[in-house]
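Numbering of residues begins at 1 and proceeds along the displayed sequence.
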Amino acid sequence: MATAARPIPRFMPLGASIALLLALSAALVPSSDAYDPLDPGGNITIKWDVIQWTDDGYRAVVSLYNYQQYRHIQPPGWKLGWVWQKKEIIWKMLGGQATEQGDCSRFKTEPPHCCKRKPEIVDLLPGTPYNLQIANCCKGGVLNSWAQDSANAVASFEITVGQAGSSSKTVKAPMNFTLKAPGPGYTCGPAKVVRPTKFISPDGRRSTQALKTWNATCTYSQFVAQRSPTCCVSLSSFYNDTIVNCPTCSCGCQNNNSRPGSCVEGNSPYLASVVNEPNTNSLTPLVECTSHMCPIRVHWHVKVNYKDYWRVKITVTNFNYRMNYSQWNLVAQHPNFDNLTTIFSFNYKPLNPYGTINDTGMLWGIKYYNDLLVTAGPDGNVQSELLFRKDPMAFTFQKGWAFPRRVYFNGDNCVMPPPDAYPWLPNASPRLLSASLTLTLVAVCTAIAFLLVQA
């Protein structure tokens with residue numbers, strides 16, 4: 001026999017009400033989740049390989065693998081830190097160095113390299129003597145992205161650890177890894193024991209393996225790295241006189257009343273003195289005064305319409321007077337990337353974050369030509385053009401289809417204009433005719449007019 005349904009109470013219990021309120025509040029707070037839809041598996045993996053036991057500890061090779069497709073670390077480079085679980089010290093290092101030695105006064109003989117419980121390690125600079133180097137070291141902390149340059153997406157250093165125990169049962173992994181690149185943004189998980197790394201000899205005929213291996217994974221969050229965006233996108237097209245600028249205050253607003261020096265006019269006579277001001281942190285941007293206040297602006301211009309092709313011009317402008325962007329890259333998402341025919345003066349690589357769907361492309365400069373985006377000024381821009389083949393089933397200039405869905409610069413998501421502000425086709429032209437068809441119609445109309453005159 002079916003039981004009667006219970007009536008729904010008019011008021012929820014106090015505990016349930018509070019739980020519901022907290023859940024709703026959490027939903028309204030901006031997420032710091034590190035998931036990137038265009039690079040879902042991107043991370044930096046720290047691999048700690050113990051390769052030899054010593055009298056009071058071990059010798060290890062520590063490597064950073066940048067598995068991020070388009071986010072890299074540029075000068076002044078990475079800084080890796082951790083916390084020892086016991087009373088470990090660092091006797092010596094190759095390929096890297098601790099930023100501070102700490103208090104080593106208890107050692108009567110030659111002092112260790114570092115006695116701090118929370119050491120921070122940096123890469124050595126290029127040109128370091130060979131007897132202090134190991135493989136994949138000494139690049140000044142620069143770590144390229146995997147898609148752009150996988151050969152230089154690895155950094156390594158060797159570390160000799162003392163007072164650590166000298167067996168697999170007594171040694172303990174470091175904890176609380178931190179990675180600065182060079183500022184915040186990365187969050188690292190705990191070190192976990194994994195299958196020991198295997199090392200292949202140069203001739204490929206013998207393999208050895210680590211005595212013990214730990215892995216820790218660090219993921220990036222733009223929200224953790226900085227509260228405000230770092231780039232924006234502006235749009236224009238040949239079929240509309242409207243230039244859609246970056247949204248106002250995309251990366252901040254001009255506030256020289258309460259924060260003098262937050263931006264500088266490009267024609268200011270005091271520009272040089274402000275840029276070269278002593279004790280200035282180069283990581284803090286000094287941007288040219290604009291309505292958007294972004295260090296980087298990406299402009300997408302729909303340039304030409306052909307019979308079977310259409311052309312786009314991309315311009316990246318640097319408004320930051322304190323930053324040269326070396327090894328920069330740009331990622332754009334557009335459905336016509338599967339029909340990209342030619343790209344001029346940039347490198348290109350499809351990313352395919354969704355498997356067979358090819359709608360995301362990565363662009364970067366050509367080495368020694370435009371791979372350096374210099375500081376704000378007349379030369380502070382790079383540009384290229386893309387030629388796409390038209391897909392008759394999908395191509396249109398209507399409703400903003402010709403503009404990108406998403407744009408990243410150096411791995412950071414850029415602010416896009418609102419869709420209702422995109423340049424639209426004129427009302428009298430529901431669709432654009434190709435150039436050849438237009439010429440044909442003009443010729444036909446001219447011939448008809450000539451015949452009418454003759455009649």
Side-chain angles (χ1 to χ4, degrees), residues 36-42 69-70 145-150 231 233-240 243-244 298-316 328-366 369-371 382-411 413-414 416-417 419 422-426 429-441:
D36 185 347
L38 297 187
D39 188 14
Q69 293 295 308
Y70 45 79
S145 61
W146 196 259
Q148 190 168 347
D149 186 5
S150 59
C231 57
V233 178
S234 57
L235 308 170
S236 63
S237 65
F238 70 91
Y239 55 78
N240 194 313
I243 297 178
V244 181
V298 180
H299 186 75
W300 180 287
H301 175 64
V302 181
K303 186 176 180 180
V304 183
N305 179 37
Y306 303 108
K307 178 181 179 181
D308 297 317
Y309 300 89
W310 63 292
R311 184 186 291 252
V312 167
K313 181 176 181 179
I314 296 178
T315 304
V316 184
W328 62 268
N329 64 64
L330 184 75
V331 173
Q333 187 179 37
H334 190 280
N336 216 172
F337 266 114
D338 59 347
N339 284 318
L340 179 63
T341 303
T342 307
I343 181 168
F344 306 90
S345 74
F346 281 176
N347 290 305
Y348 164 76
K349 183 175 184 178
L351 292 182
N352 302 342
Y354 312 116
T356 58
I357 303 175
N358 180 16
D359 66 348
T360 305
M362 177 177 170
L363 316 173
W364 68 95
I366 298 171
Y369 175 59
N370 57 2
D371 58 332
V382 291
Q383 50 190 291
S384 181
E385 295 189 5
L386 286 68
L387 187 66
F388 296 97
R389 179 184 292 274
K390 293 179 180 178
D391 180 357
M393 302 299 295
F395 175 80
T396 179
F397 280 130
Q398 295 186 31
K399 300 179 181 179
W401 183 91
F403 299 106
R405 278 51 172 165
R406 191 184 275 123
V407 173
Y408 287 22
F409 178 81
N410 276 1
N413 200 356
C414 300
M416 298 286 296
Y422 285 17
W424 284 53
L425 288 170
S429 303
R431 64 185 182 90
L432 284 180
L433 299 174
S434 66
S436 59
L437 183 57
T438 302
L439 292 175
T440 302
L441 290 176

Of all the heavy-atom pairs spanning His301 and Ser236, show the shortest one and how long it is. ND1-OG, 2.7 Å
Of all heavy-atom pairs between Gly365 and Asn347, which one has the smallest distance, and what is that distance? O-ND2, 2.9 Å
Which residues pass the side chain to side chain donor-acceptor pair (under 3.5 Å) test with Lys313, sequence neighbours left out? Gln383
Worked check of side chain to side chain contact (heavy atoms under 4.5 Å, CB included) between Phe346 and Met362: CA-CA 10 Å; Phe346 281 176; Met362 177 177 170; over 6 Å; no
Just by modelled atom types, is the Phe403 backbone N or O under 3.5 Å from a matching donor or acceptor in the Arg405 side chain? yes
Over all heavy atoms of both residues, which pair between Tyr369 and Ser345 is shortest? Give the atoms and the distance, please. CE2-CB, 4.0 Å
Can you name the side chain to side chain donor-acceptor pair (under 3.5 Å) partners of Asn240, sequence neighbours left out? Thr242
With sequence neighbours excluded, tell me which residues meet side chain to side chain donor-acceptor pair (under 3.5 Å) with Asn410. none
Using 0.5 Å steps for rounding, measure from the CD1 atom of Ile357 to the CG atom of Asn352. 9.5 Å
From Lys303 atom NZ to Ile314 atom CD1, the distance as rounded to the nearest 0.5 Å: 12.5 Å
Before giving the answer on side chain to side chain contact (heavy atoms under 4.5 Å, CB included), spell out for Asn336 and Trp310 the whole-Å C-alpha distance, their side-chain angles and the decisive distance to 0.1 Å. CA-CA 10 Å; Asn336 216 172; Trp310 63 292; 2.7 Å; yes
Can you name the residues that form a side chain to side chain contact (heavy atoms under 4.5 Å, CB included) with Ser150, not counting sequence neighbours? Trp146
Measure the shortest side-chain to side-chain distance between Phe238 and Asn305 over non-hydrogen atoms and say whether it is less than 4.5 angstrom. yes
Just by distance, do the side chain of Trp328 and the backbone of Asn370 share a donor-acceptor pair under 3.5 Å? yes
Which heavy-atom pair separates Leu235 from His299 by the least distance, and what is that distance? C-CE1, 3.6 Å
Would you say Ser234 and Val298 make side-chain contact, with heavy atoms under 4.5 Å? no
Closest heavy-atom pair, Pro404 versus Trp300, reported as atoms and distance to 0.1 Å, is CD-CD2, 3.4 Å
SG of Cys414 to CG of Leu330: how many Å apart, nearest 0.5 Å? 7.0 Å
Taking side chain as C-beta onward, heavy atoms only, is Asp308 less than 4.5 Å from Lys390? no
Just so I know, are the side chains of Lys399 and Trp424 near enough to count as touching, which here means a heavy-atom distance under 4.5 Å? yes
Any non-hydrogen side-chain atom of Val331 less than 4.5 Å from a side-chain atom of Val407? no
Would you say the side chains of Asn329 and Lys349 form a donor-acceptor pair under 3.5 Å? no
Closest approach of Leu340 to Leu387 (non-hydrogen atoms, all atoms of both residues): CD1-O, 3.5 Å
Does the side chain of Leu38 reach to within under 4.5 Å of the side chain of Arg406, using non-hydrogen atoms? yes
Taking atom types as modelled, find out whether Tyr408 and Asp36 have a side-chain donor-acceptor pair closer than 3.5 angstrom. yes
Tyr348 meets the side chain to side chain donor-acceptor pair (under 3.5 Å) criterion, sequence neighbours left out, with none
Side chain to side chain donor-acceptor pair (under 3.5 Å): pairs with one or both residues in residues 355-366, sequence neighbours excluded: Gln333-Asp359
For the CD1 atom on Ile366, are there more than 12 heavy atoms of other groups (residues, nucleotides or ligands in this structure) within a distance under 6.0 Å? yes
How are the rings of His334 and Phe337 set to each other: parallel, tilted or perpendicular (split at 30° and 60°)? perpendicular
Centroid-centroid under 6.0 Å between Trp401 and Phe395 rings: yes
When the ring centroid of Phe388 is compared with that of Tyr306, is the distance short of 6.0 Å? no
